[in-house]
Amino acid sequence: MKSIRHLISLAGALLAATTPLSAESPPIALVVHGGSGVLSADRMTPELRVAYYESLDEALLAGHTVLTRGGSSVDAIVAAITILEDSPLFNAGRGAAFTRTGTNELDASIMRGQDLEAGGVSAVKYVKNPILAARVVMEDTPHVLVTADGALELAIREELELRPPSYFWTERRWNSLQERIKRNIEYGGRLTSALDPATGRLDSEYYGTVGAVALDQAGNIAAGTSTGGRTMKMPGRVGDSPIIGAATYANNATAGISTTGLGEVHMVICSAHTVSALMEMKGLDVQAALDEVICKRLVDAGGGGGAIAIDGNGDVAMSYSDDGMYRGFVQNDGARHIFIYDEQEVAPE
Ligand code: ASP
């Protein structure tokens, strides 16, 4: 039943045109990311740039349409994240990274800020949209995290769409795995492990993730994150993305947060919850709290990556310590702003 409702809300989002809300309307906002560890500027072709732009734009449009029609922040982030999961460009759903044995194991989580309800799935195979499975865990089970075969069983029970391994195979992620195996580059938990030993530069194929945070007209915040994890991970490895407090957190009293980057480090510093705690206990605004966690604590702990957030006023924050982060946001006026590198707005050629 739940899956049918999700599909209806997604279809509605995609069919409707987005419209700005009037100045008297309550604040709404949606911010999305498609992962840090972006392609270095010299490897970014005009075609790829447009493809990234279009996917992020489609995700923003779908989520914003839900919000302008009075839909919930949970529906809005699910609309946005499923679009990014369906794109082979991003390391989530269809474009997932490979484990060292050549399989795809997916992690996702979701949380809503009005009641701190949350759900996640980890190391799940075959599920086309892991964020929908995370939502099922949140809404239809007493659990917060369901893993591997149990998550797959839940997805089957809820009639979520499944796909064979070939659906998740992309040449780019496969080549990244083969390259690492051939050159004997070990998986490691810290940023140095994501650097190409030959160049010392971040290997952008090595990680990535998608996420979204929204504030709806009722004042409710929701956040979600979905990933294929990191190339070369051990089968069964679980990263930060399905962990509430590490990659995903939402509290109406503070903010919603979704992270990307070195999962092992986000986990030990509890990145997403720390952003919320800094706002609650130290009175930091959302951008300052995000910068403190992403540009300082994450880096000091040997990590790298980025995050997005929205507070209860609809203020949007984005922060990253890598070369860039695929990202974009939209607020009441309906204007969709998309970025890849440092503060330079991306527009189609
Ligand atoms: N955080 C993800 C993980 O470690 C990867 C990423 O966001 O790039 O699984």
Side-chain angles (χ1 to χ4, degrees), residues 32-39 52 81 84-85 87 89-93 95-100 103-109 120-124 130-131 134 145 147-148 168 172-173 176-177 180 187-195 202-213 223-249 257-275 290 293-294 298-299 301-309 318-327 340:
V32 301
H33 73 76
S36 60
V38 295
L39 280 177
Y52 277 111
I81 290 174
L84 300 174
E85 286 178 333
S87 164
L89 290 173
F90 302 101
N91 173 15
F98 288 92
T99 64
R100 65 178 58 195
T103 55
N104 301 109
E105 299 185 353
L106 314 169
D107 294 340
S109 62
V121 291
S122 61
V124 67
I131 195 69
L145 181 59
T147 196
F168 300 94
R172 179 176 162 191
R173 304 284 174 202
S176 170
L177 174 68
R180 291 220 153 220
Y187 181 98
R190 294 296 184 265
L191 185 61
T192 43
S193 66
L195 303 179
L202 189 69
D203 176 358
S204 54
E205 306 297 317
Y206 198 37
Y207 57 77
T209 278
V210 307
V213 183
T225 310
S226 179
T227 192
R230 294 176 54 203
T231 301
M232 278 289 272
K233 67 183 181 180
M234 179 191 292
R237 176 265 189 185
V238 173
D240 59 322
S241 303
I243 306 296
I244 298 304
T248 302
Y249 199 72
I257 300 105
S258 169
T259 73
T260 168
L262 266 284
E264 280 74 8
V265 186
H266 280 303
M267 289 165 93
V268 295
I269 69 165
C270 304
S271 295
H273 182 264
T274 301
V275 173
L290 209 59
V293 171
I294 298 301
L298 183 69
V299 173
I308 53 173
M318 304 183 286
S319 191
Y320 55 91
S321 66
D322 295 329
D323 291 346
M325 177 169 71
Y326 302 110
R327 62 202 191 278
I340 297 180

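We use all heavy atoms of the structure for the numbers below, so side chains are in, but hydrogens, waters and symmetry mates are not. Whatever order the structure lists them in is the order used to number ligands and atoms, beginning at 1.
The shortest N or O to N or O distance between G261 and ligand 1 is under 3.5 Å. Any N or O atom pair closer than 3.5 Å counts here, and G239 shares no such pair with ligand 1. For ligand 1, the polar-atom distance check finds no N/O of H266 at less than 3.5 Å from any of the ligand's N/O atoms. In terms of N/O distances under 3.5 Å, ligand 1 is not approached by D107. Considering backbone and side-chain N/O of T259, none are found under 3.5 Å from N/O of ligand 1. Checked by distance only, ligand 1 and T209 come closer than 3.5 Å through their nitrogen or oxygen atoms.
Between the side chains of S122 and T147, at least one donor N or O sits under 3.5 Å from an acceptor N or O.
For G35, the heavy-atom gap to ligand 1 stays at 4.0 angstrom or more. Under a 4.0 Å heavy-atom criterion, M325 is not in contact with ligand 1.
Residues V32 and V210 fail the side-chain proximity criterion, which asks for heavy atoms closer than 4.5 Å.
When atom types are taken as modelled, the side chain of N104 and the backbone of A96 share a donor-acceptor pair closer than 3.5 angstrom. Between the side chain of R173 and the main chain of A97, no donor-acceptor pair closer than 3.5 Å is present.
Taking a cutoff of 4.0 Å between a charged side-chain nitrogen and a carboxylate oxygen, R230 and E264 qualify as a salt bridge.
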